[in-house]
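In what follows, chains carry the letters A, B, and so on, assigned in the order in which the sequence lines appear, proteins first and then strands, with residues in each chain numbered from 1.
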Protein chains: 2
Amino acid sequence: MIPENETIDFIEKGHKEFLHHLSIDCVLFGYHEHQLKVLLLKWKESDKWSLAGGFIKLEENLSEAATRILKERTGLDEIFLQQFQTFGEPKRSHRSKADIDHLETITKGSVPADHWLLKRTVSIGYYAVTEYSKVNPHPDPLSDKCEWWEIDSVPKLIFDHNFILAEALKALRMQIYHQPIGYNLLPEKFTLPEIHDLYETILGKELDRRNFAKKLISLGLIKKLNERRSIGAHRSPFLYKFDKRKYDKALKDGIILAF
Amino acid sequence: MIPENETIDFIEKGHKEFLHHLSIDCVLFGYHEHQLKVLLLKWKESDKWSLAGGFIKLEENLSEAATRILKERTGLDEIFLQQFQTFGEPKRSHRSKADIDHLETITKGSVPADHWLLKRTVSIGYYAVTEYSKVNPHPDPLSDKCEWWEIDSVPKLIFDHNFILAEALKALRMQIYHQPIGYNLLPEKFTLPEIHDLYETILGKELDRRNFAKKLISLGLIKKLNERRSIGAHRSPFLYKFDKRKYDKALKDGIILAF
DNA sequence: GCAAAAGTGTTTACCATACACCCATGG
DNA sequence: CCATGGGTGTATGGTAAACACTTTTGC
């Protein structure tokens, strides 16, 4: 829980610390057991949910800002963030009377119409994917909950955040066709069923096990080890690991993965 | 030529009309006779060149702003603009002493350090492609020239504009693999050699004529007409036109064009 | 021995690629 | 008739896609 005075400080003094008119929204996807989730925050004393967002410090890089925002929410700082689109409809961040009342309740004071949090805001969208059990969600100063939601049952979000989420998912799925994914998302040694499940979950569709494995192996992205994982009452699958060299090259140069 | 007082108005009063800290840079590619060009502006009383840029009005959409900026430079308003990346290094728009002197020369007055044009600026990048003979280049208030440059001989540009240009070209070439291009770039009826040349020029490489035509036809993107164009001393090529239905569907859903 | 999951190989069909010769036109 | 550019078809190879049976493991 964030201390009350930190919240008030943020509302009252943030205008000196952050760039006006600009924000960053991070769509953090969490992968876990064949489910794709997204990290959402609930506003204090309101039942509105939002993406993990924040502002850019006066002398801060965009990607640094996005990294900092996600770190504040999750504790993680080794996340592969991807800028995907900037959202700037003049009305996108329009605040209702209820939102202003809400801020006034928190600060126990009056909030002027030209308050920095009420200005038109252009938001730069970033997305990232993480193994969600690694994350320790922390609310931000304006929120009292920070939780994972299943991608298919996300509620109505504030502003245009449902749209931003949809665009992020589109961008992520598009990216998967040109760059590998999985490093930092899977354990160092993983099984074919594990990486197969990861791809199926992100793409939201079934992929033929045999063809899938054949492709990753023939591209040289993963290498079979001489070890197996014991998974209880079933045949023990072999372990694989990424060929970091080829993986990084594929990240940089792009590949064609026609799943 | 822009009247002198318009320039001074822009410098002195722009802060009331535009969002601070934000700008738009447009990379306008011009296609003409197997050459790819880009529209650049030269700053007044300086030999620095830049991309076509501008600011966002207080109540204006991002894409409207980009369209307006390009229209001001080119007279065109039916351009297919594509947002591709947002650039926000804190130092990217750093102004040198010479730049400040330059503004002071134009306004014939002193420019305070916190002047709106000197603030840190995050720039939203858009690119577009046009047939360059349709364009009537007009300088902006800070520039005295607006000209096409060949993509391979672009000079050193201000700020990070060379980088923005390189990223725009990468994004354009990537997009060509997923979306068709040519509508509004070619005449309504065009020949196979014409569209073939367009693709070769944009991609910067040779494409087999026969395979190229086969692909566009088999995807149904273009349809052969029962007319030919007379091109002088050679065999008259057939005319084709886009199947707008399929073209738009391909724009929307994406296709795979592995050239 | 049975249920559940993992491992593996072959065939097919399509498509990308490479490649060369003939035709039309105006001068 | 010649120079220039346009039009067209085929053969090949690679690979994505479809598909099913066997093996392992713990209970």
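The distance from atom CD of B/Glu227 to atom P of D/dG7 is 14 Å, rounded to the nearest whole Å. Nucleotide C/dA6 holds its P atom 13 Å from the CZ atom of A/Phe212, rounded to whole Å. Across the protein-nucleic acid pair, B/Lys224 atom NZ and D/dG6 atom P stand 14 Å apart, rounded to whole Å. Spacing between atom NE2 of B/His196 and atom P of D/dT8 amounts to 15 Å, rounded to whole angstrom units. In this structure, CD1 of B/Ile231 is placed 9 Å from C1' of D/dT4, rounded to the nearest angstrom. Protein atom CG of A/Asp208 is 14 Å distant from nucleotide atom C1' of C/dT12, rounded to whole Å. One atom, NZ of A/Lys205, and another, C1' of D/dA17, lie 12 Å apart when rounded to the nearest Å. One atom, CD1 of A/Ile217, and another, C1' of C/dT8, lie 11 Å apart when rounded to the nearest Å.
When each of A/Ala233 and A/Arg209 is assigned the nucleotide of DNA chain C with its nearest heavy atom, A/Ala233 is the one assigned upstream, toward the 5' end. Both A/Ser236 and B/His234 sit near DNA chain D, but only B/His234 has its closest nucleotide nearer the 5' end. Toward the 5' end of DNA chain D, the nearer of the two residues A/Lys215 and B/Arg228, judged by each one's closest nucleotide, is B/Arg228.
Of the candidates A/Thr130, A/Leu39, A/Asn136, A/Thr74 forms a side chain to side chain contact (heavy atoms under 4.5 Å, CB included) with just one, namely A/Leu39.
With distances taken from any side-chain atom of A/Arg235 to the nucleotides D/dT22, D/dA17, C/dT8, the minimum falls on D/dT22. In this structure, of C/dG7, C/dG26, C/dA18, it is C/dA18 that holds the atom nearest to the side chain of B/Asn211. Counting only heavy atoms from C-beta on, B/Pro193 has its side chain closest to D/dG6 among D/dG9, D/dG6, C/dA16. Nearest nucleotide to the A/Arg210 side chain, out of D/dA20, D/dG7, C/dA6: D/dA20.
In this structure, A/Trp49 has its ring center at least 6.0 angstrom away from the ring center of A/Trp43. Between B/Tyr126 and B/Phe84, the gap from one ring centroid to the other reaches at least 6.0 Å.
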Legend entry - Step-by-step side chain to side chain donor-acceptor pair (under 3.5 Å) determination, B/His32 to B/Glu131: CA-CA 6 Å; B/His32 189 66; B/Glu131 218 287 307; 3.3 Å; yes

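Here B/Lys214 lies in heavy-atom contact (under 4.0 Å) with a base.
Counting only heavy atoms from C-beta outward, the side chains of B/Phe159 and B/Phe87 never approach each other to under 4.5 Å.
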